[in-house]
Amino acid sequence: MALPSPDPKFDLRGIDAEVNSLHFSCMVHRPSQPLLFSGSSNGLVHVWNLNTRRSETVLSGHQGKSIYWLHTLFHNRELLLSQGRDLQIRTWNLAEGRREEIDSVPVESVGFCKCSLLKTESCLLAMPGKDSSQVQVLDLNSKKIVSSMKLSTDNQWGMAMCMKLWQPISGPSPLLLVGYEDGSVALWNVLEHRLMSRLTCHMEPVMSLDFDCLKARGASGSSERVLNVWSLDEQQNLKAYKTQELVNPGISDVVLRQDRKILATAGWDHRIRVFGWKRMKPLAVLQYHSAIVHCVSFSDHLTPEDRLLAAGSKDHLISLWSVYQNT
């Protein structure tokens, strides 16, 4: 018999809306406090102090529209990006207790594709473009589009649904992985605006993906009853690697932990699933929520024993779990 699901370490309440996005900022030394940012369907961003387990700040700037992506500007926790259904990516200044919106970038796509951030010599932001399959990369410092990528022929892929911007160990150009509405994943060379490879992974739209650039392997989920794992060969061709069958259909989010040892998924069946990344061995099915789990995120604590897994749900709750710290 399967072991019963453990209880979460704690939960966060009082949001009064669906939790659609999560982002940790815990890579700090005392007396600084570890933080969790949450974005909700009512257009609010809550800033949670993980020591007191209370919301310290609430940001309102997306006209009550759902917020579905959050990210600090790398290790500068005083600058926060938020992407909302109001078709804006807003920059917030949180220094010294401020709650100032200091910048805004328009998004021309009406879909739900989350942005992806990469720090190279500059600060690059991948975002969906105006045309349904188009994706763009913006230099946040200059506010210039440095790359725009789309099919030269009639669009057969549908909308861009999710993306991951990353820098290979060898080669000057960042690469962009994009999951599309037709169930395919494509790899783009950003500086050359060139399609490098494409793989049909799913029969349904790709809802989320993540990628391990050291192992050259990624994972993606859809509304199907599978989690697909794929890899990149030395010629940068996408190849099917493994299909992990699931008990119930529907994956909202797929996230790798920073040490690339475990992977977590957010399920439509209200469950969080945890896998060993090396062999995709199922490690745990975490049951706590009473509705769809929209998002999962791993904390970036400096001390491994402090690291957490957070999940946000349609039930207005955020659960936080301590899982397999030494796996």
Side-chain angles (χ1 to χ4, degrees), residues 74 113-128 133-137 139 146-153 156-158 160-203 205-222 224 226-245 251 253-265 275-281 298 327:
F74 305 101
C113 184
K114 301 175 182 179
C115 293
S116 182
L117 194 64
L118 176 68
K119 176 66 174 177
T120 57
E121 293 179 357
S122 55
C123 191
L124 300 179
L125 182 72
M127 55 194 290
S133 64
Q134 184 183 30
V135 290
Q136 299 176 328
V137 177
D139 185 318
V146 297
S147 183
S148 180
M149 296 153 281
K150 67 175 182 177
L151 290 173
S152 57
T153 57
Q156 302 293 326
W157 300 358
M161 303 294 292
C162 52
M163 57 181 64
K164 176 74 173 185
L165 187 62
W166 58 286
Q167 179 69 51
I169 298 173
S170 60
S173 176
L175 302 180
L176 179 65
L177 284 159
V178 184
Y180 289 94
E181 193 175 3
D182 71 342
S184 67
V185 173
L187 178 69
W188 296 90
N189 182 299
V190 171
L191 296 183
E192 298 177 6
H193 327 290
R194 176 172 60 88
L195 177 66
M196 302 179 69
S197 180
R198 176 174 172 263
L199 176 69
T200 299
C201 301
H202 300 273
M203 300 297 292
V206 184
M207 303 301 295
S208 180
L209 62 79
D210 204 354
F211 184 71
D212 178 350
C213 59
L214 294 183
K215 292 186 174 69
R217 203 166 81 224
S220 56
S222 70
E224 301 164 286
V226 295
L227 177 66
N228 277 328
V229 182
W230 28 269
S231 62
L232 273 179
D233 65 17
E234 293 181 355
Q235 287 74 43
Q236 304 286 29
N237 293 313
L238 288 162
K239 303 284 187 181
Y241 184 82
K242 183 176 182 179
T243 297
Q244 181 69 44
E245 299 285 341
I251 294 176
D253 203 10
V254 177
V255 176
L256 277 161
R257 196 167 69 179
Q258 291 89 335
D259 61 7
R260 300 174 300 281
K261 291 185 177 181
I262 63 176
L263 175 143
T265 64
F275 300 87
W277 179 230
K278 186 175 182 179
R279 297 184 178 87
M280 286 305 295
K281 178 183 178 182
F298 286 104
T327 297

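A quick note: this is a predicted structure, and the numbers were derived from the prediction, not measured. We number each residue from 1, following the sequence as shown.
- Panel note: side chain E224, backbone M203; a donor-acceptor pair is recorded below 3.5 Å.
- Distance alone, capped at 3.5 Å, is enough to place a donor-acceptor pair between the K242 side chain and the R279 backbone.
- Contact annotation: the side chain of N189 never approaches that of M149 to less than 4.5 Å [non-hydrogen atoms, C-beta and beyond].
- R260 places a side-chain heavy atom less than 4.5 Å from the side chain of K215.
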Anything under 3.5 Å between a donor and an acceptor, one on a side chain of residues 114-121, the other on a protein residue two or more places apart or in another chain? List them.
unit_1 : atom_1 : unit_2 : atom_2 : d
S116   : OG     : L165   : N      : 2.9
T120   : OG1    : S122   : N      : 3.4
T120   : OG1    : S122   : O      : 3.3

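- Summarising the geometry, atom CG belonging to L263 is positioned 6.0 Å from atom CH2 belonging to W277; distances are rounded to the nearest 0.5 Å.
- Between L176 and L187, the closest side-chain pair of non-hydrogen atoms is not below 4.5 Å.
- A heavy-atom distance below 4.5 Å is found between the side chains of K239 and N237.
- The shortest side-chain heavy-atom distance between W166 and L177 falls under the 4.5 Å cut-off.
- Counted by atom type alone, S208 and D253 present one or more donor-acceptor pairs between their side chains at under 3.5 Å.
- Taken to the nearest 0.5 Å, the CD atom of Q136 stands 9.0 Å off from the OG atom of S147.
- A search for side-chain hydrogen bond (donor to acceptor under 3.5 Å, both in side chains) contacts involving Q134 returns S148, not counting sequence neighbours.
- Listed by first then second residue, pairs satisfying salt bridge (Lys or Arg N to Asp or Glu O under 4.0 Å) with a partner in residues 160-186 read K164-D210, D182-R198, not counting sequence neighbours.
- A distance-only check finds no donor-acceptor pair linking the side chain of N228 to the backbone of T243 [under 3.5 Å].
- Rounding to the nearest 0.5 angstrom, the gap separating the CH2 atom in W230 from the OG atom in S197 is 10.5 Å.
- At a threshold of 4.5 Å between non-hydrogen side-chain atoms, the residues P168 and L175 count as touching.
- Counting heavy-atom neighbours within 6.0 Å of K281 NZ, excluding the residue itself, gives a total of 12 or less.
- With contacts defined as side-chain heavy-atom distances shorter than 4.5 Å, the pair M207/S220 does not qualify.
- Here D139 contributes atom CG and L124 contributes atom CG; the two are 6.0 Å apart, rounded to the nearest 0.5 Å.
- The pair R217-D212 fails the salt-bridge criterion, with no side-chain N (NZ, NE, NH1 or NH2) lying under 4.0 Å from an Asp/Glu carboxylate O.
- Contact of the T265 side chain with the V255 side chain is not registered, since no non-hydrogen atoms from C-beta on lie closer than 4.5 Å.
- Taking the six-membered ring where tryptophan is involved, the planes of W157 and Y180 are perpendicular, since the angle between them exceeds 60° and thus also 30°.
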